[in-house]
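In what follows, chains are A, B, ... by sequence order, proteins preceding strands, each numbered from 1. Just so we're clear, the structure is a prediction, and the values are computed from it rather than from any experiment. Reckoned from all heavy atoms, side chains included, excluding hydrogens, waters and symmetry mates.
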Amino acid sequence: MDYSKPVDAELFPEGCERCSLTKFMGWMSILGVVFLWGLYAAVRVLGFGLGETGMDDYFGFGLWITFDLAVIALGAGAFFTGALRYILNIDELKNIVNLAAVIGFLCYTGAMMILVLDIGQPIRCWFGYWYPNVHSMLTEVIFCITCYCIVLILEFVPLVLENRQLMKRPFIHALAHNFHVYMPIFAGIGAFLSTFHQGSLGGMYGVLFGRPYLFREGFFIWPWTFFLFVLSAVSSGPMFTVLVCTLMEKMSGRKLVSWEVKQLMGKVGGTMLIVYTVFKCLDSWYWATDMLAGEGLTFDQMFHGWIYGKWLFWMEHAFIIIPMIVLLIKPLREKRWLFYLMLFLTCTSITINRYVLTVQGLAQPVMPFDSWYTYAPNWAEWASCFLVFAYAAMVLSLAYRYTPMFPQEVELNKK
Amino acid sequence: MDRRGFLKFAAGGTVGLVASPIIWNTLYDAVYWTQNWGWIPRLKKGESQYVPTVSKLCPSGTGFLVRTVSGVPVRTIGDKNNPVTHGAMTALAAAEAELRVSPARLKTPLRRSPDGAYIAISWAEAEKLLKEKTQQAGASVAAVSGDPTSSINEVLSSILNQQGSSDFYFMPDEEQPAAVAWEAMGGQGRLGYDMEGSDCILAVGAPVLESWGVVAANRSLFNRTHPVGGEAGQKLIYAGAVQNNTAAGADLWLPMKSGTDMALLLGMAHLVIKAGKNGFAAGLGNFASFAAAYTPEKVSAITGVPQERLEAAAKALVEAKKPLVIAGSALGSGGSAGSVMAAIALNMLLGSVNREGGLLDLPYPVSVVAHATDYRDTMRKRFVDYTQNVAAGKTKAPALFFVYAANPVYSLPADSGVKETIKKSGYSVAVASFMSETCEECDLVLPAALGMEAFDDVQTPYGSGRVTYALARPVAKPFADARSAGELFIALAQELKLELGVKDMPELLYKHAYALGAPFRAMMDEGAVHTARVTLPASPLFYNWEAIRAAASARGEEGDLQVAPVVVLAMGTPQTAIPPFATKVVTDYQLKGRYSVAQMNGATAAKLKVNAGDLVKLVAGNNVQITVVAAIFEGILPDTVSLVAGLGHTAFDEFSKGKGSNVLALTSVRREPGTGLPVWGLAGVKAARA
Amino acid sequence: MEERNNTTTPATAAKKCSCGWGAFVVGLVVALILGWWVLPNLMKETKKQPIAFSHVEHVQNQGMTCEQCHFVRADGSFSGTPTTAQCAECHFTVLGSNPEEARFVREYVQTGREIKSEWLVYQKQPDNVFFSHALHFGPLAELKGPKETAEFCSRCHLNVAETDVPPVYRENRLSGYSENTMLMWGCERCHAEHMAMGNTNASNACFTCHK
Amino acid sequence: MSSEVKQFKIRWGMVIDIDKCTGCGACMVACQAENNVAPAVDGSNKLRSLNWLTVFRLSNHKPFPDHEVAYLPRPCMQCGKPSCVSVCPVIATDKREEGGIVSQIPPRCIGCRYCMASCPYHARYFNWYDPKWPGDLAQALTPDVSTRMRGVVEKCSFCHHRFMKAQEAAVARGEDPMNLPDGAYITACTEACPNGAITFGDLNNPAHKVHELIKSPYAFRLLERLGTEPQVYYLSRREWVRREGDNYLEHEKTGEATKQG
């Protein structure tokens with residue numbers, strides 16, 4: 001036993017250094033406290049009812065749905081990177097695909113946790129399967145998200161099995177290997193499921209023909225928001241993966257993924273962003289000038305005061321147009337801070353998009369004699385979101401500490 | 001067994017469980033559990049019955065069918081066969097089955113212990129106490145009743161009279177000033193209004209579609225004269241400071257400053273005289289020349305009503321075949337006699353007296369209980385004069401004070417002296433159905449049955465154009481330990497060996513029906529209601545212009561803003577407070593959380609520099625200060641704030657307590673010039689942002 | 001695992017393997033017994049009816065018809081089980097020698113206690129179900145006597161007309177449902193299949209049966 | 001994804017004459033009592049008070065003294081093309097039955113609130129907590145509508161239980177339950193309105209009063225341009241009231257824009 005190393009060093013990935021166990025446990029305890037706070041909120045919500053939240057009859061959707069949509073979009077790095085790596089065989093991506101899978105796993109399981117809180121009767125959640133309404137976009141979401149969640153678990157398991165000590169067991173070794181062989185299949189199923197439910201999540205809003213703020217026409221049974229959600233997810237997903245990776249590098253002080261791979265991810269996301277931006281702007285233009293007028297409404301009527309002001313609309317658009325341009329221009333893209341900033345702006349824009357569709361779409365009074373009301377999430381909603389953050393940070397910390405998530409790590413940190 | 005064996009055993013077990021129904025059935029059972037949680041009340045089953053009777057909680061005696069399931073009332077539904085209210089309901093009457101079991105309902109007799117807390121006692125003990133206290137009090141006993149339509153009053157007044165006391169009062173209501181006015185103008189019977197026969201009604205200050213008169217009947221009339229999607233068969237003009245529910249139904253709204261009713265009526269008189277309507281009676285010349293001073297310009301300046309609307313209203317009256325003018329107060333009590341006199345004069349000018357569709361001279365209800373005070377004599381007595389005198393020490397406080405079906409502590413201004421009277425009286429007894437503010441002041445609280453739980457009656461309410469008589473019949477057992485108030489008083493009289501001439505409530509009701517020629521059997525068995533067009537020989541009316549002039553000299557209240565109270569029946573009455581099911585009917589422009597909402601128009605708000613949603617302090621002339629939330633509503637006069645009445649309860653239950661402020665707290669008792677009548681309902685306030 | 005491989009001979013490994021399969025079968029059988037019989041029974045609780053009512057006595061010996069106690073009211077609603085007051089129309093005093101009857105008169109008729117609210121209804125539906133007997137009675141008009149009526153009614157109900165003591169009443173501890181309560185799939189045998197009992201015109205819309 | 005307008009032989013509908021409504025609230029009280037809606041201690045928070053029927057106050061937006069006021073009772077519109085039905089993932093809400101009433105079955109509902117988001121009329125309400133009837137109030141529950149539990153959505157059902165009872169009574173009388181006479185089935189709010197502002201009946205049946213009323217030039221429906229095809233109609237002789245019934249651009253006139261929609 002080497003006493004210069006942390007006591008759990010035997011479990012570390014081959015050739016990698018990690019902080020002391022004490023320090024690690026300290027970090028985990030901080031997360032644990034946040035986790036318990038969220039757990040308290042969750043218990044209250046499950047025990048007393050959703051009245052414990054800040055939602056009301058005008059805002060049946062709030063922070064939680066915004067959160068779910070945002071993390072599911074940002075977690076899309078998993079399926080998209082996976083598809084590029086395993087189906088299109090872009091080999092460099094193997095250096096980040098593990099992280100993308102873990103992030104995807106965390107985002108989806110986190111969203112599932114919030115959904116359990118968000119539905120009023122969690123004990124009846126299986127009705128979604130047993131009595132499905134095939135016309136509902138939400139049914140599709142329920143099916144695909146749960147199925148994809150299983151896929152993500154299957155993608156996450158091999159990484160756990162690759163732990164140095166576990167891999168010593170031949171059975172697990174073989175199992176992990178088998179998983180890897182089947183990974184392209186998982187990636188394929190994942191890509192299919194994920195594309196559909198990302199789209200369905202967008203479709204959920206686009207089909208609401210009673211809500212002029214949200215309603216969109218579309219192609220066949222899918223409103224335009226269906227495609228916009230897919231595009232926004234595939235552009236922001238890889239970017240979010242890079243951002244998380246960079247954050248982990250800053251926190252651990254170790255290089256984990258090479259700049260080139262990140263650039264590649266940025267390029268991939270940026271390319272998708274171009275498509276998204278073009279369609280998004282077209283959609284907004286058509287909506288503002290044509291669709292609303294057909295319903296007797298004006299663009300101005302969609303906004304109110306500061307909290308539901310136009311700044312959100314302009315910011316959402318600016319934050320995809322600027323990154324699109326910057327990521328297109330090579331010299332700019334190569335400036336690290338600018339690169340990261342652009343990724344961040346894109347992720348912000350996607351989050352704003354999910355927020356305005358969820359909250360502002362409901363706030364906009366459709367009946368002329370109705371009024372604008374405001375919604376603010378209360379502590380219980382925030383706490384349960386932080387529960388997911390804490391859970392994600394804990395799992396990510398464990399995965400980083402004990403599994404070979406980053407194939408390049410050893411090489412990049414050679415002294 | 002080794003580990004591998006165990007794993008296989010577990011695998012087999014899993015397969016077996018999945019292949020057996022228990023997991024899947026339990027999934028279902030768990031859902032059934034969520035669908036039938038034990039802590040959520042289950043429905044009762046049984047036979048439904050619909051029994052016609054009348055409401056005793058709703059001031060208009062709404063006729064309804066009480067639906068019972070296995071004998072328990074669950075709903076009240078308008079009774080289409082009721083010849084008075086024709087199936088029309090009020091928000092209050094619609095809530096009566098729920099009010100019957102509301103948390104504020106009194107369950108047992110309560111006696112106040114020396115430390116101030118209430119102790120539940122038995123009826124035997126309560127009756128013993130009641131007998132002792134009445135015997136001890138002798139002639140020093142007073143009583144007030146808040147239910148003028150009930151013949152239970154006769155039993156109570158008979159007890160008082162036989163004890164040697166004449167201090168039996170009605171709570172101040174809309175009729176008392178009207179009776180004064182009618183008499184002053186030469187009326188000999190009871191003032192009645194044949195709204196049904198009229199083709200154009202001008203209601204000045206009287207919210208005829210919400211709280212004035214026999215509201216349910218007024219509404220059914222409005223219904224019949226305004227066919228769905230068709231032409232209105234009757235024009236309704238409403239003058240008031242706020243575009244309230246009545247204004248919403250009216251064909252024309254005259255925005256009239258609070259307290260300027262007389263000026264408006266005199267201005268209308270001037271205009272109709274000019275148009276050639278001058279029904280002759282003694283004093284016409286003097287009245288006409290007095291009214292001539294009320295030119296449209298002047299009236300418009302005083303009342304705030306735009307001149308063209310005054311003229312439009314006058315034109316409508318002149319052109320109508322059977323116009324009818326009604327004056328009343330927004331609050332339903334504390335109104336002025338002067339405005340009713342002016343309204344009578346206007347009706348006289350229009351020829352609308354003692355004819356179909358006009359003012360009628362109805363007979364007053366008569367007493368059938370031995371030694372009881374007649375309705376008319378009780379109506380003439382002024383409760384607030386009495387309580388103020390007792391409070392000031394000018395009159396000896398009674399040794400025993402009864403409060404029956406009334407909540408004067410809440411429903412009268414703070415300086416009315418009621419609280420002091422109760423405090424000073426030797427012993428105070430409240431007979432009520434709900435734990436009101438007044439009950440909380442009394443020494444003994446006796447739970448009274450509701451109309452649907454006991455025998456009671458509704459004699460012609462004020463505002464009617466006919467003589468009507470309806471019985472309230474016991475449809476259900478009294479809630480908890482409540483008892484019929486009528487039977488309680490009859491039993492008390494019997495204990496005291498007093499003579500009533502009736503042995504129980506059915507006999508009392510029978511005697512009343514007999515006196516009116518009403519079909520008692522059908523009323524008792526089927527809930528039939530008696531109505532009759534009975535009018536007295538036409539009274540020799542005259543234009544008592546001097547009394548009108550005196551009353552017109554009343555000064556307005558001082559303050560930057562006038563308070564215009566709005567009464568809505570959904571808020572209940574002072575006796576019931578807010579029914580549990582009405583809290584959602586209370587709007588966000590009436591109440592916001594703990595605060596009353598003061599509505600004002602944009603110009604007023606700009607002047608006060610307040611925005612919608614701001615907290616505002618209102619300070620009244622009597623230095624009472626309340627905090628309200630401002631709301632902008634353009635259907636209200638400048639420099640006026642509207643507050644809804646019925647808030648600010650400190651008793652009752654969680655549905656009423658601690659919500660907003662009592663608008664009556666802002667008012668003070670004044671004396672009307674000429675008649676000397678105690679009046680209130682107007683309040684001037686100063687406002688500042690809180 | 002490597003160590004174990006070193007110490008196990010192929011023979012013992014094979015033996016273990018077969019013993020392992022045995023374990024699988026044992027697990028399977030135990031679970032099936034638990035899942036099909038033991039646990040479902042544990043979930044249920046047997047309850048006793050307040051009175052050992054005999055239909056045989058009333059129908060066969062006294063010649064009563066079903067409709068004397070179970071009838072459609074004028075408004076179309078169904079009376080269900082009779083109330084104490086209805087029973088007391090005959091049983092105002094003890095009529096026979098059955099001790100249960102004497103107990104009924106003593107404990108219910110004389111005290112005014114309501115038997116209807118205590119009687120355990122075998123087919124009891126939850127509050128959220130609307131069931132109209134009148135709307136299901138169409139073919140009843142054709143029925144001639146108690147026998148046919150009982151036959152018709154027992155398509156849904158237990159055939160109690162020929163029972164001398166009330167059948168066993170068992171209730172699920174979690175859901176509170178009687179084990180005889182017809183579940184939605186049972187209703188759907190006709191409501192989802194219009195022709196199941198001849199053309200019944202049954203709608204399968206949610207509000208047809210839920211309130 | 002747009003479902004087609006559903007066609008039925010019977011189409012229960014309501015005609016609400018706004019000019020007759022004075023906003024007294026009797027309909028709301030009757031509705032709560034009839035349908036076992038639990039009372040709220042603080043009803044002044046309109047975003048959390050569960051009401052199947054809500055009365056809105058309308059304004060002509062003119063300053064004093066030209067201001068006019070009107071009241072608009074809003075039940076569930078029982079849309080011909082409901083925005084809520086197609087979105088429900090578990091078929092807790094449906095429009096399938098003869099009569100065209102949009103059903104909502106709380107025991108099926110999982111509480112996702114997607115239907116609430118879809119409804120532009122805010123006709124749907126959520127049980128944020130378990131309903132409570134303090135003290136003895138539960139004694140006044142009717143046997144007609146099951147009590148709900150926390151975490152489910154509910155809405156106006158046009159007092160559907162009364163439809164069932166009317167059918168039951170018709171069968172007991174030996175009449176055709178699918179051809180009820182006018183007035184045999186009306187909702188609790190219709191019955192309670194003292195001003196007779198609400199008329200209820202089968203829109204398709206010429207023997208029913210509503211059949212004619214909806215042809216009035218003063219008739220309109222809420223938010224017709226969205227294409228929801230409500231079964232609730234409103235009447236008003238006042239142009240400004242009709243204009244409040246839908247969204248119009250400045251130059252658009254009522255009655256015109258909706259025809260094309």
Side-chain angles (χ1 to χ4, degrees), chain B residues 1-52 65-75 77 79-80 476-478 526, chain C residues 1 4 8 12-13 15-44 73-81 83 85-86 114 116-117 121 124-130 172-177 181 183-185 210-211:
Chain B
M1 191 186 286
D2 64 4
R3 199 163 50 165
R4 189 180 291 195
F6 178 76
L7 281 174
K8 286 191 172 163
F9 175 79
T14 311
V15 172
L17 277 180
V18 170
S20 62
I22 184 70
I23 293 175
W24 318 111
N25 282 351
T26 307
L27 272 181
Y28 264 113
D29 289 338
V31 167
Y32 297 146
W33 173 68
T34 68
Q35 291 167 345
N36 299 280
W37 275 332
W39 55 86
I40 292 172
R42 299 270 72 90
L43 306 181
K44 72 171 125 332
K45 298 197 160 73
E47 190 172 5
S48 281
Q49 278 174 325
Y50 297 81
V51 189
L65 305 172
V66 178
R67 177 184 176 193
T68 60
V69 174
S70 299
V72 180
V74 298
R75 287 279 282 120
I77 294 163
D79 178 9
K80 290 204 163 47
K477 280 195 300 235
E526 298 145 33
Chain C
M1 209 177 251
R4 194 171 295 151
T8 339
T12 52
K15 196 179 154 206
K16 271 203 168 139
C17 208
S18 68
C19 142
W21 277 112
F24 180 86
V25 174
V26 171
L28 183 73
V29 171
V30 168
L32 287 175
I33 292 170
L34 275 176
W36 281 92
W37 194 74
V38 178
L39 290 175
N41 272 316
L42 278 177
M43 289 291 287
K44 282 177 196 150
R73 301 191 191 103
D75 65 356
S77 60
F78 189 68
S79 67
T81 57
T83 59
Q86 277 167 279
E114 187 50 73
K116 191 180 167 85
S117 50
V121 179
K124 190 180 81 182
Q125 288 291 334
D127 283 351
N128 61 58
V129 170
F130 171 87
N172 186 294
R173 288 172 205 271
L174 181 55
S175 67
Y177 283 15
T181 292
L183 300 173
M184 201 165 105
W185 63 265
H210 285 285
K211 62 180 172 70

What's the shortest heavy-atom distance between C:Leu42 and C:Arg173, and which atoms?
-> O-NE, 2.8 Å
In terms of ring plane angle, is the pair C:Tyr177 and B:Tyr32 parallel, tilted or perpendicular, where the classes change at 30° and 60°?
-> parallel
Taking the six-membered ring for Trp, are B:Trp37 and B:Trp39 parallel (under 30°), tilted (30 to 60°) or perpendicular (over 60°)?
-> parallel
Can you say whether B:Lys44 sits under 4.5 Å from chain C via the side chain, the backbone, both, or neither, judging by heavy atoms?
-> neither
Portion of C:Ile33 that has a non-hydrogen atom of chain B nearer than 4.5 angstrom | neither
Any idea which heavy atoms bring C:Lys211 and C:Val129 closest together, and the distance?
-> CE-O, 3.5 Å
Which residue out of B:Gly13, B:Ala10, B:Pro21 racks up the most heavy-atom pairs below 4.5 Å with chain C?
-> B:Pro21
Check each atom of B:Asn36 against the heavy atoms of chain C and say whether the ones under 4.5 Å are side chain, backbone, both or neither.
-> side chain
